[in-house]
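The structure appears right after this line, and notes come after that.
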Amino acid sequence: TKSEYLHSYQELDIAISDLGGDFYITRGQDTYLGSGSFSTSWQFDENGIAVETGPITVDVVYDKGPFISDEKVAVLNSPQVNSVCTNKWKTYELFSEFCPKTIQVASADLLKSALAQISTDLKVVKPLHGAEGVDVHIATSEELMATDMNYPVLVQEFLDSTGGIEGLTEGIHDFRIAILNGEIVYAFLRTPPAGQLKANVALGGTLLVIPKEEIPEPFMQVAREVDNKMSRFGNRLYGVDMAMTPQGPRIIELNSSLGLQENARHPIFIEYKKKLARVLMEM
């Protein structure tokens, strides 16, 4: 329903068509009939308009859902990859050495105790699942105690990224490295609007693509360590969102539903779509 997203998927459609494949859009778990079949689909016509094309059976699902598979069709990403990336507690359990201190809180009665165990002046409370900064609260303990929340939640140290990244930015930021089957396919730096703490583009942040050869080595090291563990899950596409702190780079979150950026934003996204198309065609 957003023109920039439709345009991005049209560009992916072209990349897949160039390899001899057919690209369809499906929406909603309730349309899945099993064994790779869907009750409804759309395809782009020659004018780039998505037109309904009825029932379809596919060989591969590029999951932007989340999609619940019956394991009778190939899916990117697998349930294992999605589980680690979408459940922020699982992310912490697997990569705690790179994450801020995190405490899982099951109810409001336990929130005060958890906040007392976090040493930073500002604390972060976020849902176990979620993206784009939705329901993420950054505030003092007193302010958080007065905030309505849906439990369970995670309570975390606030990552102080105000020192910036040498040569790239002087203030608050987050740095994403996107990985496709072990290869870094793009990286970008996001910074928040003036006076804000969250750098999500969906919330008004700015985005700057960073060429692979200019990615700071500390971020590269974390990304390599993360993918060493993620490689056990086979085909995988995900992002590692990090911030530079006085203690070095720290993971903010992993994301297995990466937004598909338009080619016009940067030439790197043209090559990325070609690589993504190739992986999907070979699954």
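Source: prediction; values computed, not measured.
Under the 4.5 Å side-chain heavy-atom criterion for ILVMFWY residues, no single connected hydrophobic cluster contains both L144 and I138. Both V240 and L94 are assigned to one and the same hydrophobic cluster, defined by single-linkage of ILVMFWY side chains at heavy-atom distances under 4.5 Å. Under a hydrophobic clustering in which Ile, Leu, Val, Met, Phe, Trp and Tyr are joined whenever their side-chain heavy atoms come within less than 4.5 Å, directly or via other members, V75 and L180 fall into different clusters. Both L76 and L19 are part of a single hydrophobic cluster, where members link through side-chain heavy atoms under 4.5 Å apart. In terms of hydrophobic clustering, with Ile, Leu, Val, Met, Phe, Trp and Tyr side chains grouped at heavy-atom distances under 4.5 Å, F158 and I103 are assigned to different clusters.
With rounding to the nearest 0.5 Å, the separation of CG in L260 from CG in L276 is 7.0 Å. Here the CD atom belonging to Q43 is positioned 7.0 Å from the CD1 atom belonging to I56, to the nearest 0.5 angstrom. Atoms CG and NZ, on L154 and K88 in that order, are 8.5 Å from each other to the nearest 0.5 Å. Rounding to the nearest 0.5 Å gives a distance of 15.0 Å between CD1 of I14 and OH of Y9. Interatomic distance, L128 CG to D135 CG, rounded to the nearest 0.5 Å: 12.0 Å. Put simply, CD1 on I252 and OG1 on T91 are 12.5 Å apart, with the number rounded to the nearest 0.5 Å.
Applying the ring pair (Phe, Tyr, Trp, His ring centres under 6.0 Å) test to every pair with at least one member in residues 220-272, sequence neighbours left out, gives these pairs: Y186-F269, Y186-Y272. Applying the salt bridge (charged side-chain N to carboxylate O under 4.0 Å, His left out) rule to pairs touching residues 273-283 yields E11-K273, E183-K275, E271-K274, sequence neighbours excluded. Residue pairs satisfying the ring pair (Phe, Tyr, Trp, His ring centres under 6.0 Å) criterion with at least one member in residues 205-227, sequence neighbours excluded, are listed as follows: F175-F219. Residue pairs meeting the side chain to side chain donor-acceptor pair (under 3.5 Å) criterion with at least one partner in residues 71-80, sequence neighbours excluded, are S78-Q80. Among residue pairs with one or both ends in residues 228-246, those qualifying as salt bridge (charged side-chain N to carboxylate O under 4.0 Å, His left out) are E97-K229, R176-D241, R190-D241, D227-R236; sequence neighbours excluded.
V209 approaches F188 most closely through the heavy-atom pair CA-CB, 3.9 Å. Counting all heavy atoms, side chain and backbone alike, G48 lies closest to Q10 at CA-NE2, 3.1 Å. Nearest approach of C99 to Y92, heavy atoms of both residues: CB-CD1, 3.6 Å. Closest of all the heavy-atom pairs between T40 and T26 is O-CG2, 3.6 Å. Listed here is the closest heavy atom pair of N235 and V81: O-CG2, 4.2 Å. A pairwise comparison of heavy atoms in D22 and I16 identifies N-CG2, 4.1 Å as the closest pair.
Between K126 and V153, every side-chain heavy-atom pair lies at or beyond the 4.5 Å cut-off. For the pair M145 and L111, the minimum side-chain heavy-atom distance is below 4.5 Å. Taking 4.5 Å as the limit, every side-chain heavy atom of T102 sits out of range of all side-chain heavy atoms of V155. Two residues are said to be in side-chain contact when any heavy atoms from C-beta on lie closer than 4.5 Å; L189 and T206 fail this criterion. Looking only at side-chain heavy atoms (C-beta outward), S39 and P55 stay at 4.5 Å or farther from each other. In this structure, the side chains of E213 and P211 come closer than 4.5 Å at one or more pairs of heavy atoms. Residues L33 and F38 have side chains not in contact (no heavy-atom distance under 4.5 Å, counting atoms from C-beta outward). Taking 4.5 Å as the limit, every side-chain heavy atom of V58 sits out of range of all side-chain heavy atoms of F23.
Surrounding CD of E170 are at most 12 heavy atoms belonging to other residues, nucleotides or ligands under 6.0 Å away. Within 6.0 Å of CG on D45 lie more than 12 heavy atoms contributed by other residues, nucleotides or ligands. Other residues, nucleotides and ligands place more than 12 heavy atoms under 6.0 Å from the CG atom of N47. A 6.0 Å sphere centred on CG of N228 holds more than 12 heavy atoms belonging to other residues, nucleotides or ligands.
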Legend entry - Evaluation steps, side-chain contact (heavy atoms from CB on, under 4.5 Å), between V125 and V136: CA-CA 6 Å; V125 175; V136 175; over 6 Å; no

Inset, instruction - Report the C-alpha distance between M244 and S161 in whole Å, list the side-chain angles of each, state the deciding distance to 0.1 Å, and finish with yes or no for side-chain contact (heavy atoms from CB on, under 4.5 Å). - result: CA-CA 5 Å; M244 183 61 72; S161 67; 5.8 Å; no

Inset, instruction - Go through the steps to decide whether S256 and T86 satisfy the test side-chain contact (heavy atoms from CB on, under 4.5 Å), and finish with yes or no. - result: CA-CA 7 Å; S256 58; T86 61; 3.9 Å; yes

Legend entry - Intermediate values then yes/no, side-chain contact (heavy atoms from CB on, under 4.5 Å), W42 and R27: CA-CA 9 Å; W42 292 262; R27 299 188 71 178; 4.2 Å; yes

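Listed for the D70 side chain is a donor-acceptor partner under 3.5 Å among the backbone atoms of S35. Without hydrogens or angle criteria, T169 side chain to I165 main chain gives no donor-acceptor distance under 3.5 Å. Between the side chain of K101 and the backbone N or O of Q117 there is at least one donor-acceptor pair closer than 3.5 Å. Of the possible polar contacts, one joining the Y32 side chain to the G36 backbone as a donor-acceptor pair under 3.5 Å is found.
A side chain to side chain contact (heavy atoms under 4.5 Å, CB included) with I172 is found for exactly one of T162, D160, L159, namely T162.
If you chain together ILVMFWY residues whose side-chain heavy atoms come under 4.5 Å of each other, V51 ends up grouped with I49.
Taking the charged nitrogens against the carboxylate oxygens, R224 and E217 do have a contact shorter than 4.0 Å, which makes a salt bridge. Taking a cutoff of 4.0 Å between a charged side-chain nitrogen and a carboxylate oxygen, K123 and E157 do not qualify as a salt bridge.
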